[in-house]
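Working notes, beginning with the structure itself.
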Amino acid sequence: MTRPSTPATATTTTASTPSTTWADVPPDHLFGIDNLPYGVFSTAADPSPRVGVRIGDLVLDAGAVAALGREAGLVADGPDLASAWLTSSLNAFVALGRPTWTTARQWLTEILTDEVHRDRVSPHLHPLEDVQLHLPIEVADYVDFYASEDHASNVGKIFRPDNAALPPNWKHLPIGYHGRSGTVVVSGTDVVRPSGQRKAPGDPAPVFGPSIRLDIEAELGYVVGGATARGSRVSVDEATDHLFGVVILNDWSARDIQAWEYVPLGPFLGKSFATTISAWVTPLEALAAARVPLPGQSDPQVLPYLQGEAFGLDVHLEVSLNGTVVSRPEHAAMYWSPAQMLAHLTVNGASLRDGDLFGSGTISGPTRETRGSLLELTWNGAEPLTLQDGTIRGFLEDGDTVTMTAWAPGPDGTRIGLGEARGTIRPAS
Ligand code: CA
């Protein structure tokens, strides 16, 4: 019987070779062999959270399999993946950098495709329904951008009707703000309605209480690894060395709190109470077939530090409210590339930390059915949505469940699933 080899001794699987897994996965499954997203899981038998890799409806205990090679004395030069994976977050793994991410993915592909590894690996595959999924990263710094032109225009029209829809800086730099990393939660975590100050324009004074305009924002989140030193920059072309992978992200937003507090320093308590991300981090390599050109940045031309390999991603999102699909945002329409956002984030010398997370900003398109927030879908409540059960929504009510899913094209006509970001609103405490 052959033991699973460690990455340094593995034969490499070239990306151009279609591979099939020996695991029980239908060919059209959203989590086929070309996906292999990373997450953190535990089981009843072993409650220690550790890194898992999803294949079909199974979760591979990646560190346990990597440790088999180590126990067999097969560890060669290079990082010890078992040590990185037998921890409670992906941070140790994303710290190892792009070359190791690539080697690890080749090794995972090999052990899940070559029959010779089947007997050794199979005992470390757990049915998805038997595992508990945890927050996949210990979020270091969290930034949220504002990269959709249609979203920025819509918000401008709603909140600043007397001014130009887009702020004058919008096409010169990807606008963002620093958010609260400690309140990023994994899909399935309930969200308590936040309380705060609000004051409508006609009100004589602000009042305090539970938000009455609780909203969603459908986004992608980018997980960063390969920490950099303070004082250094990451260029657009270097960005993919630090973009580990992608999650679905719901930037819950209390519009009434936000509207009263955001001038002049930007979002604060209207956003910081909760941000939901999917349990699976899809590696950037799995999205190779989803790379698309940006819609266009010719007018105006961006400054040289924002130029380079600025790719877009053809990711299709779907937003459901209590089971009714209310929107299908298209990430390919985003004006700014994640590579440009990362370059902009570091151009002043700000360092990157392993486990940094940045959001794309609400993904909205030109048509109503592609808008990524209730603010835009209902035009600030003026055009409410009717759900399948006949109820009407301007903003979220207690008990409402929002589920965001996403997929992207994979190789050979396959689809890459990104999982879901789901949350249910609980009454204010
Ligand atoms: Ca946002």
Side-chain angles (χ1 to χ4, degrees), residues 139 141-160 165-167 169-170 173-185 187 191 194 196 211 213-224 246-263 265-278 313 315 317 319 321 326-327 329-331 333-338 340-342 344-345 356-365 370-378 380 395-396 402-404 406 418 421-423 425:
V139 182
D141 287 300
Y142 169 50
V143 165
D144 199 17
F145 283 97
Y146 195 50
S148 158
E149 184 173 358
D150 284 301
H151 173 68
S153 297
N154 287 337
V155 171
K157 289 173 194 165
I158 292 169
F159 280 154
R160 297 177 294 277
L166 282 183
N169 56 0
W170 197 90
L173 53 84
I175 295 177
Y177 67 95
H178 280 91
R180 192 161 189 84
S181 53
T183 51
V184 177
V185 297
S187 177
V191 172
S211 169
R213 290 181 177 254
L214 185 55
D215 198 358
I216 58 170
E217 291 193 340
E219 308 191 16
L220 290 187
Y222 295 91
V223 175
V224 172
V246 177
V247 291
I248 306 169
L249 186 149
N250 184 354
D251 174 25
W252 303 94
S253 300
R255 299 300 181 196
D256 42 356
I257 298 172
Q258 180 186 356
W260 170 230
E261 74 176 1
Y262 87 107
V263 178
L265 289 185
F268 188 41
L269 302 179
K271 300 276 195 175
S272 63
F273 55 94
T275 304
T276 298
I277 62 172
S278 53
L313 288 174
V315 179
L317 288 87
V319 181
L321 174 50
V326 295
S327 180
E330 293 288 338
H331 185 270
M334 300 298 267
Y335 189 87
W336 294 102
S337 168
Q340 292 175 308
M341 296 185 228
L342 196 71
H344 187 63
L345 189 56
D356 279 358
L357 173 71
F358 67 91
S360 62
T362 309
I363 304 166
S364 289
T370 58
R371 294 174 185 164
S373 68
L374 295 176
L375 175 75
E376 297 162 88
L377 284 164
T378 70
N380 204 16
F395 291 94
L396 297 175
V402 177
T403 306
M404 298 177 181
L418 277 72
R422 177 172 46 85
I425 304 302

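Every number for a ligand or one of its atoms is a count from 1 in the order of the listing.
Nearest N/O/S atom of Asp251 with respect to the Ca ion (ligand 1) is recorded as OD2. Restricting Glu217 to its N, O or S atoms, the one at the least distance from the Ca ion (ligand 1) is OE1.
Ser253 pairs in a side-chain hydrogen bond (donor to acceptor under 3.5 Å, both in side chains) with only one of the listed residues (Arg213, Gln258, Lys271), which is Lys271.
An angle of 90° is found at the Ca ion (ligand 1) between Glu219 atom OE2 and Asp144 atom OD2, rounded to 10°.
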* Before giving the answer on side-chain contact (heavy atoms from CB on, under 4.5 Å), spell out for Phe273 and Leu214 the whole-Å C-alpha distance, their side-chain angles and the decisive distance to 0.1 Å. => CA-CA 11 Å; Phe273 55 94; Leu214 185 55; 3.7 Å; yes
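In this structure, Tyr222 and His331 have tilted ring planes: the angle between them lies in the 30° to 60° band.
No side-chain heavy atom of Trp336 sits under 4.5 Å from any side-chain heavy atom of His344.
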